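Below is one structure, written out as structure tokens; comments come after it.
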Amino acid sequence: MSFLLSTKKFNLVMRPLKLLSLLFVTTGVMLIPTVVRAATFNTLSGYTDTNFNNDKNNGLFQEDWVTEGRAASNNWDQAIWNWTNNTTFPSSTAAQASTPWPKNVSVPITITYNNGNASFSFNNQTISANNVTEAARFPNGLNTIYIRTRSNNDGSTIQLNNISITDSLGTFTTNLNALSNNSLNVDYLKIEGINGNFTLTANATFGWTTSSSPTDSRLAFQVKMGANPQAVPEPLTILGAATAIGFGTFFKKALRKNQ
């Protein structure tokens, strides 16, 4: 009699706990895709174009599309390039414009990505391109940006500062900048943890000492959009999943012992 009574009491206690364990498992499963991190900014000291291409070749970055601004006295000054694979050079030019950059003036720029469509604005000039992203190469969307500056001539300077990005989680800013000056100088800044559509803003300043600006891409910046396919889940995501599984396993064993 006492055994039957204790069993009934145990079942009365375990019934809500069983429901609780189901809740933990469900919550844990739901937690995995929803717990994400905010965007972070990092300067890549000593990082070169060779390092960047090696990262691409080693599967650490898939390049999707690129915006370029340059102080070119002989050609276009603003462009969007499209990569349909992960090679060193772009597959096509999606958009171009000739809007000369002012010398030694901080100019606001805006780069927007919305459901596969891109736009790049500065100095009241906007260029845009549609369907720049291949869904097969980016099943989880874009999450990483490399900002590259390049100065090829003595006395020339390109700087991007006041960099800010707004995505599905909010607006994130940094006091870091990308700066190249003088001859054969390349600088990289990396933004990781981007979520969903985004808008990037910054101020770009070109400077040179000659009577006219350098030619072609000798003084330029590029903003390279893409994804790191090897991005790992946040620790909180892993902890949530492990906790849910642990609770589920514990209550399941307890139920088996007393059935």
Side-chain angles (χ1 to χ4, degrees), residues 34-45 47 52 55 61-71 77-82 94-95 97 99 101-129 132-133 138 140-151 157-181 185-207 219-228 231 234:
T34 56
V35 176
V36 290
R37 66 180 182 180
T40 59
F41 303 80
N42 293 288
T43 54
L44 304 180
S45 179
Y47 194 83
F52 177 75
D55 283 349
F61 183 66
Q62 282 280 332
E63 196 164 12
D64 185 24
W65 59 282
V66 175
T67 60
E68 180 173 352
R70 63 183 194 175
D77 300 273
Q78 183 183 10
I80 298 176
W81 306 95
N82 192 22
T99 309
W101 291 82
K103 179 180 178 180
N104 296 327
V105 176
S106 179
V107 178
I109 66 168
T110 301
I111 298 169
T112 300
Y113 178 76
N114 186 14
N115 296 325
N117 302 321
S119 68
F120 174 27
S121 303
F122 91 95
N123 204 23
N124 298 317
Q125 171 72 43
T126 299
I127 59 175
S128 59
V132 294
T133 298
F138 300 93
N140 298 316
L142 309 184
N143 59 30
T144 304
I145 292 175
Y146 285 84
I147 297 177
R148 172 187 182 265
T149 56
R150 177 179 185 248
S151 171
T157 302
I158 166 61
Q159 176 175 256
L160 263 66
N161 60 359
N162 295 329
I163 301 168
S164 173
I165 190 160
T166 300
D167 63 9
S168 62
L169 295 183
T171 299
F172 309 94
T173 61
T174 180
N175 58 2
L176 302 175
N177 60 50
L179 170 66
S180 293
N181 51 36
N185 185 273
V186 173
D187 191 31
Y188 275 87
L189 185 148
K190 186 178 183 181
I191 308 175
E192 298 179 277
I194 299 165
N195 295 276
N197 296 325
F198 61 83
T199 297
L200 184 147
T201 60
N203 290 337
T205 305
F206 288 91
L219 186 60
F221 70 84
Q222 294 176 335
V223 182
K224 301 168 176 284
M225 270 62 66
N228 176 3
E234 280 292 279

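The first residue of the sequence shown is numbered 1, and numbering continues consecutively from there. A quick note: this is a predicted structure, and the numbers were derived from the prediction, not measured.
Partners of Asn161 by side-chain contact (heavy atoms from CB on, under 4.5 Å), not counting sequence neighbours, listed by chain and number: Gln159, Asn177, Asn203. With sequence neighbours left out, Phe221 forms a ring-ring contact (aromatic ring centres under 6.0 Å, His included) with Trp101. Every residue meeting the side chain to side chain donor-acceptor pair (under 3.5 Å) condition with Glu68, not counting sequence neighbours, appears here in chain and number order: Trp81, Ser217, Gln222. Residues that satisfy the side chain to side chain donor-acceptor pair (under 3.5 Å) test with Asp55, not counting sequence neighbours, are Tyr47. Among residues two or more places apart in sequence or in another chain, the ring-ring contact (aromatic ring centres under 6.0 Å, His included) test is passed with Phe138 by none. With sequence neighbours excluded, no residue forms a salt bridge (charged side-chain N to carboxylate O under 4.0 Å, His left out) with Arg70. For Gln62, the side chain to side chain donor-acceptor pair (under 3.5 Å) criterion is met by Arg137, not counting sequence neighbours. Applying the side chain to side chain donor-acceptor pair (under 3.5 Å) test to Ser151 and every residue at least two apart in sequence or in another chain returns Ser156.
Atom CG of Leu44 is separated from atom CD1 of Ile147 by 10.5 Å, given to the nearest 0.5 angstrom. Atom CG of residue Leu200 and atom CD1 of residue Ile194 lie 7.5 Å apart, to the nearest 0.5 angstrom. Here Asn82 contributes atom CG and Glu63 contributes atom CD; the two are 10.5 Å apart, rounded to the nearest 0.5 Å. Note that NZ of Lys190 is 8.5 Å distant from OG1 of Thr40, once rounded to the nearest 0.5 Å. We find the CZ-CE distance between Phe61 and Met225 to be 8.5 Å, quoted to the nearest 0.5 Å.
The nearest pair of heavy atoms linking Pro102 to Val107 is CG-CG2, 3.5 Å. The shortest non-hydrogen separation linking Thr126 to Ser121 is OG1-OG, 2.6 Å. Of all non-hydrogen atoms in Leu219 and Gly207, the two that sit nearest each other are CD2-O, 3.6 Å. Minimum heavy-atom separation, Ala129 to Ala94: CB-CB, 3.4 Å. When all heavy atoms are compared, the tightest approach of Leu160 to Ala204 is CD1-CB, 3.9 Å. The heavy-atom pair separating Phe198 from Ile145 by the smallest distance is CE1-CD1, 3.8 Å.
Within the 3.5 Å criterion, the main-chain N or O of Thr149 finds no donor-acceptor partner in the side chain of Asp187.
Asn185 and Ser180 are linked by a side-chain donor-acceptor pair at a separation below 3.5 angstrom, with hydrogens and angles left out of the test.
Between Asn228 and Asn143 there is a side-chain heavy-atom pair separated by less than 4.5 Å. Contact annotation: the side chain of Arg148 never approaches that of Phe52 to less than 4.5 Å [non-hydrogen atoms, C-beta and beyond].
Sorted by first then second residue, the salt bridge (charged side-chain N to carboxylate O under 4.0 Å, His left out) pairs that include residues 111-127, not counting sequence neighbours, number zero.
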Quiz: residues 108-120 side-chain donor-acceptor pairs under 3.5 angstrom, not counting sequence neighbours:
from: Tyr113; atom 1: OH; to: Thr133; atom 2: OG1; distance (Å): 2.7
from: Asn114; atom 1: OD1; to: Asn197; atom 2: ND2; distance (Å): 2.9
from: Asn115; atom 1: OD1; to: Asn197; atom 2: ND2; distance (Å): 3.2
from: Asn117; atom 1: OD1; to: Asn131; atom 2: N; distance (Å): 3.0

Only pairs under 3.5 Å count here: list side-chain donor-acceptor contacts from residues 165-176, not counting sequence neighbours, and write none if there are none.
from: Thr166; atom 1: OG1; to: Thr171; atom 2: OG1; distance (Å): 2.8
from: Asp167; atom 1: OD1; to: Leu169; atom 2: N; distance (Å): 2.9
from: Asp167; atom 1: OD1; to: Gly170; atom 2: N; distance (Å): 3.4
from: Asp167; atom 1: OD2; to: Asn195; atom 2: N; distance (Å): 3.0
from: Ser168; atom 1: OG; to: Asn195; atom 2: O; distance (Å): 3.0
from: Thr174; atom 1: OG1; to: Leu176; atom 2: N; distance (Å): 3.0

